[in-house]
Amino acid sequence: MVEWTDKERAAISDIFSKLDYDEVGQKCLSRCLIVYPWTQRYFGAFGNLYNAEAIMNNPLIAKHGTTVLRGLERALNNMDDIKNTYAELSVLHSEKLHVDPDNFKLLSDCLTIVIAAKMGTTFTPEYQASFQKFLSVVVSALGKQYH
Ligand code: ZNH
């Protein structure tokens, strides 16, 4: 089981409490689709992804960014059982959506970059370490049902 220190819990809660889900969700998902263009293959039904500007202005991408962050909130609310919390989502991504699990890491790195840019110096190295740990547990849980 993953252990969390009080400081790690406090840092992660603080980051989420300041998070604008719509803005950060849209920014991190579109960043992922732009810098790792192969991740676009899963969003064929989302309309125009023709170039960076189209991706950043695509309302379905924006909405899905919010959905992903709401999904992350479930991990925040179940810090001591992230693996089971994501069992169903992991099956969905593997068996139905066929998302390559390497992409979870790519998206989580984009999220860290967007949050770091927004929080500036308040995103201290300690915060960053706590948040990276949180995301790596999420990525591992989402990848659990792939076999
Ligand atoms: Zn995902 C979906 C979350 C990543 C792709 N997602 C989804 C959902 C959620 C999520 C919550 C919804 C579900 C239902 O409906 O039930 N994701 C998530 C998270 C993450 C993710 C948390 C991490 C962090 N995804 C991802 C990636 C990708 C994806 C990386 C690729 C690239 N998803 C997806 C898709 C879908 C989803 C495609 C479906 C959409 C629609 O709408 O159709």
Side-chain angles (χ1 to χ4, degrees), residues 1-4 8-119 123 125-147:
M1 207 189 97
V2 183
E3 306 278 349
W4 301 98
E8 285 169 340
R9 288 178 196 272
I12 294 160
S13 305
D14 190 39
I15 291 167
F16 271 94
S17 74
K18 291 174 178 143
L19 204 57
D20 178 333
Y21 284 64
D22 294 333
E23 184 201 346
V24 173
Q26 187 266 338
K27 282 189 174 158
C28 78
L29 182 58
S30 41
R31 185 181 192 99
C32 182
L33 297 173
I34 292 163
V35 299
Y36 309 114
W38 58 90
T39 60
Q40 293 173 22
R41 62 179 296 183
Y42 307 105
F43 300 97
F46 279 53
N48 188 357
L49 304 176
Y50 182 66
N51 57 24
E53 204 190 338
I55 291 169
M56 288 188 287
N57 289 309
N58 184 314
L60 294 174
I61 293 296
K63 187 163 170 276
H64 189 58
T66 306
T67 301
V68 169
L69 289 200
R70 292 262 164 246
L72 277 184
E73 193 181 57
R74 287 167 54 186
L76 171 77
N77 294 332
N78 296 279
M79 291 271 288
D80 296 309
D81 197 14
I82 293 180
K83 205 204 280 184
N84 287 318
T85 304
Y86 279 151
E88 217 174 288
L89 260 188
S90 179
V91 172
L92 177 82
H93 283 81
S94 113
E95 289 173 18
K96 185 150 174 264
L97 301 170
H98 306 293
V99 171
D100 182 330
D102 288 351
N103 293 318
F104 300 140
K105 173 84 167 69
L106 300 180
L107 181 62
S108 69
D109 286 345
C110 289
L111 177 60
T112 304
I113 290 166
V114 172
I115 288 178
K118 260 192 82 89
M119 290 185 65
F123 193 68
E126 227 177 12
Y127 267 43
Q128 192 233 343
S130 306
F131 196 61
Q132 297 277 78
K133 177 175 166 184
F134 174 77
L135 289 177
S136 74
V137 175
V138 165
V139 166
S140 150
L142 278 174
K144 269 283 165 340
Q145 304 297 323
Y146 282 75
H147 288 298

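Just the heavy atoms: all of them, side chains too, but no hydrogens, waters or symmetry mates, feed the values below. Remember, it's 1-based here, ligands and their atoms both numbered in the order they're listed. For the single chain, residues carry numbers from 1 onward in sequence order.
Atom 12 (C) of ligand 1 has its closest protein heavy atom at T67 CG2, 3.8 Å. Nearest non-hydrogen protein atom to atom 28 (C) of ligand 1 is V99 CG1, 3.8 Å. Looking only at protein heavy atoms, the nearest one to atom 9 (C) of ligand 1 is L89 CD2, 3.8 Å. Looking from atom 39 (C) of ligand 1 to the surrounding protein, the closest heavy atom is L97 CD2, 3.7 Å. Looking only at heavy atoms of the protein, atom 42 (O) of ligand 1 is closest to F46 CZ, 4.0 Å.
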Could you pull out all donor-acceptor pairs under 3.5 Å where a side-chain atom in residues 27-35 meets a protein atom, sequence neighbours excluded?
from : atom 1 : to  : atom 2 : distance (Å)
K27  : NZ     : E23 : OE2    : 2.6
S30  : OG     : Q26 : O      : 2.5

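Within the 4.0 Å heavy-atom criterion, the part of L142 lying near ligand 1 is the side chain and not the backbone. At a 4.0 Å heavy-atom cut-off, ligand 1 does not touch L106 at all. With a 4.0 Å cut-off on non-hydrogen atoms, H64 touches ligand 1 through its side chain and not its backbone. For N103, heavy-atom contacts with ligand 1 shorter than 4.0 Å involve the backbone as well as the side chain. Only the side chain of L92 comes within 4.0 Å of ligand 1, judged by heavy-atom distances. Counting heavy atoms closer than 4.0 Å to ligand 1, residue V68 contributes atoms from both its backbone and its side chain.
Ring pair F134/F16: centre-to-centre distance below 6.0 Å.
Between E73 and L19, the closest side-chain pair of non-hydrogen atoms is not below 4.5 Å. With contacts defined as side-chain heavy-atom distances shorter than 4.5 Å, the pair V2/K133 qualifies.
Distances from atom 15 (O) of ligand 1 to the protein include no heavy-atom value under 4.0 Å.
Side-chain atoms of Y86 come within 3.5 Å of backbone N or O of G71 as a donor-acceptor pair.
Within H93, the N/O/S atom positioned nearest atom 1 (Zn) of ligand 1 carries the name NE2.
The CD1 atom of I82 lies 5.0 Å from the CH2 atom of W4; values are rounded to the nearest 0.5 Å. One distance of note links CE of M119 with NZ of K18; it measures 5.0 Å at 0.5 Å rounding.
Within 6.0 Å of CD in E53 there are 12 or fewer heavy atoms belonging to other residues, nucleotides or ligands. Residue E126 qualifies as open at atom CD: its count of foreign heavy atoms under 6.0 Å is 12 or below.
Near Y42, the atoms of ligand 1 lying under 4.0 angstrom from a non-hydrogen atom of the residue are 31 (C), 32 (C), 38 (C).
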